[in-house]
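Residue numbers count from 1 along this sequence. Atoms within each ligand, like the ligands themselves, are counted from 1 in listed order.
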Amino acid sequence: MQPRLTYGPRGLEGNAGTMASETIKITDNRTGNSKELAIKDGTVKAAELREFKTSADDFGLMSYDPGYLNTASCRSKITFIDGDKGILLYRGYPIDQLAERASYLECTYLVVKGELPSDGQLKAWTSEIAAHSAVPANIQKIISSFPADAHPCSMLVSVLGALSADYPESRQVLDVAVREEMALRLIGHMAPICASIYRHHTGQAPVEPDASLSYSGNFLRMMFGKPGEKYVPSKSLERALDVLLILHLDHEQNCSTSVLRNVASSQSDIFCCASAAMSALYGPLHGGANEEVLKMLREIGSIGNVPAFVDSVKAGKGRLMGFGHRVYKNYDPRAKVTKEMADAVFAETGKNPLIDIAIELERIALSDEYFIKRKLYPNVDFYSGLIYEALKIPAAYFTVMFALGRTGGWAAHYLEMMLDSEQKIARPRQIYDGAGRRDYSTVGQK
Ligand code: CMC
C-alpha cells in the first residue's frame, strides 16, 4: 500500500499517524495561563486558540492570517505540492511523468476519481465528456449577445453562471449523482464554450465538435476549423495543448480553487462556484499573469532592454510577471515542462522572437540578488503564453485556456468538498478597526 502523503513542516513524507504526545504548549503572557494544544498533521486547530481568554467574557484568541499565508482550510487528497523542493503530484503521480505520458482526459479522470482509468474507463469517460461537448442553445445566444470587444474572461464568468440557469437541477447539491452529472457537464461544456467565445470575437460561426478527434484536437477544430469541413490538427501542436491543459489542471488551494470551495460551502451549485472561481482566476496576480507576461515581453522589445527592465522592477516599478509564487520557493516544475516544450513547438511553428527576451530575462533575474533573496523563480505562466501564441491563440484568451485546463481540478475539488464532513460554511472572523458606537443624526443636522 502507498504511504499517505502529508504536507506539513516535515515536508513530503509518509504519514505514520499522529502520536498522542504531539502537542504544543502555549503560555499566554497576558494571564500566565498555559495550555497544551494537540498537533495533528502539522497543524493546530485555530478554534482551540479561543481557550486563551483574558476574562470570562473575552471572545478568545484568534489567528490573523490575511491571504491565508499559513492556514490549512481543508483536507484534500487531490494534489500535493512541496514548494521548497519544486514537487507537484496529482493523486501521487509526478507532474513531469503525467505531462510526458498521459492525456488531459486521463488526468481529469485521475483528479476527479482518484485513480488512473483503465482502458474501458477512459473510453467511457471520453464519451461522457464528448456527450456534453456542444454549447447549449441558450448559452450560445448569451455568447452572441456580448459586445465584440468584451474581454473573454468577463464573458466566461457570465456564461458559467448562466449554465446554472440552464441546468436548474444542478441546485440539488445534496444529491451525489446529480453533483457528479453536473461536474461532467461542466468539464464537457468548457471546451465548446471557450471556443465559441473566440468564434464570436472573430465574427465566425461556431464549429460543431468531431468526436473522432482527441479532446485537444477537437478544441483546436472548434477554434480554427470551418463548419462542416474536416479538420486535421497538427499532432505536435495538439499534444502541446494537451500538455498545457495537464499543467493547468490543478494546483491545490490556489486563489480560484479556494474561492470555489468557499462558495461551495454555502451549498451553491457547481456552475455558480465555477463562475466565482473564474472571477478569481481572471486577476493578473493569478491566471491573468500569462497574458501580462506577453505584454511585458513586448514592452521590453529587445534583449538589450532587459537589464533596464530588471532594474525598474527592483526599484519597485511593477513586477516581473510570470515570476514568483506563494508556494514554490524553488523552480516551478510546470515552468520546466513549458520551457522544454517551447523548443518542440517552435520547431514546427517557427521561433517566437519573444522567447529570446524571456530566456535573457530569466537568466538575469536568476543571478540577481533581489530575486535570489526573495526566492523568485519563473512560474507556469512565464513560458505558457509563448506556446499559446504559437498555437495562434490570442493573448486575451490565455486565461481562458488556463480555465479550460483548471476546470477538471475545480470539479474534483467541488466533489471532494461536498463529501467532507469536517467542512462548514466559510465564514472568517475579522479584527474590527472602525468607529465605536455612535448615534445617528439626520443629514444636515450634524
Ligand atoms: N516581481 C518582482 N518582485 C516580486 C515578484 C515579482 N513577480 N513577486 C514577488 N515579489 C517580491 C515582492 O515585491 C516582495 O518583496 P518585498 O519583500 O521587498 O516587499 C516579495 O517578493 C514577496 O512578495 P509577495 O507579494 O509577498 O509574495 P506573494 O506570495 O504574496 O505573491 C505572487 C505571489 C504570485 C502573487 C507574486 O509573486 C506575483 O505577483 N507574481 C507575478 C504575477 C504572477 O506571475 N502570477 C502567477 C502565479 S502562478 C499561476 C497561478 O497559480 O496563479
Side-chain angles (χ1 to χ4, degrees), residues 65-71 78-84 86-88 90 95 111 153 244-261 277-297 299-300 306-339 358 361-388 395 398-410 413:
D65 192 12
Y68 305 115
L69 289 171
N70 195 36
T71 296
I78 301 171
T79 289
F80 174 84
I81 302 174
D82 184 327
D84 291 329
I87 294 173
L88 169 61
Y90 293 162
I95 190 66
V111 297
C153 288
L244 286 176
L245 296 180
I246 293 171
L247 298 179
H248 282 137
L249 176 55
D250 194 47
H251 215 232
E252 49 117 306
Q253 308 313 316
N254 56 85
C255 180
S256 55
T257 304
S258 302
V259 164
L260 172 126
R261 279 179 171 264
M278 184 61 215
S279 306
L281 190 73
Y282 187 1
L285 297 190
H286 189 11
N290 48 16
E291 184 181 345
E292 297 301 317
V293 171
L294 259 273
K295 277 191 209 155
M296 176 187 77
L297 294 176
E299 267 164 40
I300 296 173
V306 170
F309 180 79
V310 171
D311 285 345
S312 74
V313 169
K314 284 161 60 181
K317 295 182 196 138
R319 290 198 160 190
L320 182 45
M321 299 310 284
F323 257 68
H325 199 276
R326 171 62 59 77
V327 180
Y328 292 119
K329 299 302 171 197
N330 193 324
Y331 213 94
D332 179 341
R334 303 168 301 172
K336 212 174 261 171
V337 176
T338 45
K339 189 177 181 187
L361 199 52
E362 178 183 340
R363 190 189 68 75
I364 293 191
L366 292 186
S367 56
D368 189 295
E369 192 51 30
Y370 175 95
F371 296 90
I372 295 171
K373 199 172 123 209
R374 290 169 180 76
K375 300 190 175 172
L376 300 171
Y377 294 89
N379 59 49
V380 66
D381 287 329
F382 194 63
Y383 288 103
S384 66
L386 291 169
I387 301 176
Y388 282 133
F398 293 172
T399 313
V400 168
M401 299 307 297
F402 193 151
L404 179 61
R406 186 55 57 90
T407 305
W410 288 339
H413 281 274

Numbering the atoms of ligand 1 from 1, which are under 4.0 Å from a heavy atom of [X]?
X	answer
Arg374	11 (C), 15 (O), 16 (P), 17 (O), 18 (O), 20 (C), 21 (O)
Leu285	39 (O), 45 (N), 46 (C), 47 (C)
Arg326	28 (P), 29 (O), 30 (O), 33 (C)

Ligand 1 versus [X]: contacting region, heavy-atom distance under 4.0 Å:
X	result
Val313	side chain
Leu320	both
Glu292	neither

Considering only the protein, which heavy-atom contact is closest to [atom], and what is its distance?
atom	answer
atom 13 (O) of ligand 1	Arg319 NH2, 3.4 Å
atom 50 (C) of ligand 1	His286 ND1, 3.5 Å
atom 40 (N) of ligand 1	Phe323 O, 2.9 Å
atom 3 (N) of ligand 1	Tyr370 OH, 3.1 Å
atom 42 (C) of ligand 1	Met321 CE, 3.5 Å
atom 47 (C) of ligand 1	Asn379 ND2, 3.6 Å
atom 51 (O) of ligand 1	His325 NE2, 3.7 Å
atom 49 (C) of ligand 1	Asp381 OD2, 3.3 Å

Salt-bridge present (Glu362, Lys339; N to O < 4.0 Å) = yes
Donor-acceptor check, side chain of [X] to backbone of [Y], threshold 3.5 angstrom: yes or no?
X	Y	answer
Asn379	Gly324	yes
Ser258	Gln253	yes
Tyr90	Asp250	yes
Asp332	Val380	yes
Asn290	Gly385	no
Asp368	Leu366	no

ask   = When rounded to the nearest 0.5 angstrom, what is the spacing between CG in Leu260 and CG in Leu281?
value = 11.5 Å
task = Kindly compute the distance separating CG (Leu294) from CG (Leu386), expressed to the nearest 0.5 Å.
result = 5.5 Å
Using protein heavy atoms only, decide if any is under 4.0 Å from [atom].
atom	result
atom 44 (O) of ligand 1	yes
atom 27 (O) of ligand 1	no
atom 19 (O) of ligand 1	no

query = What do you reckon, are the aromatic ring centroids of Phe382 and His325 less than 6.0 Å apart?
reply = no
request  = Apply the test ring pair (Phe, Tyr, Trp, His ring centres under 6.0 Å) to residues His251 and Tyr328: give CA-CA distance (whole Å), side-chain angles for both, the deciding distance (0.1 Å), then the verdict.
outcome  = CA-CA 11 Å; His251 215 232; Tyr328 292 119; 5.2 Å; yes
message = Test your reading of the structure: does Gly318 have an N or O sitting under 3.5 Å from an N or O of ligand 1?
response = no
task = Using distance alone, determine whether Leu376 and ligand 1 share an N or O pair under 3.5 Å.
result = no
inquiry  = Does any part of the side chain of Leu244, heavy atoms only, come nearer than 4.5 Å to the side chain of Met401, both counted from C-beta?
reply    = no
message = Just to be sure I'm reading this right: ignoring hydrogens, which of Gly322, Ala289, Gly324 gets closest to atom 46 (C) of ligand 1? Compare them by their nearest heavy atoms.
response = Ala289
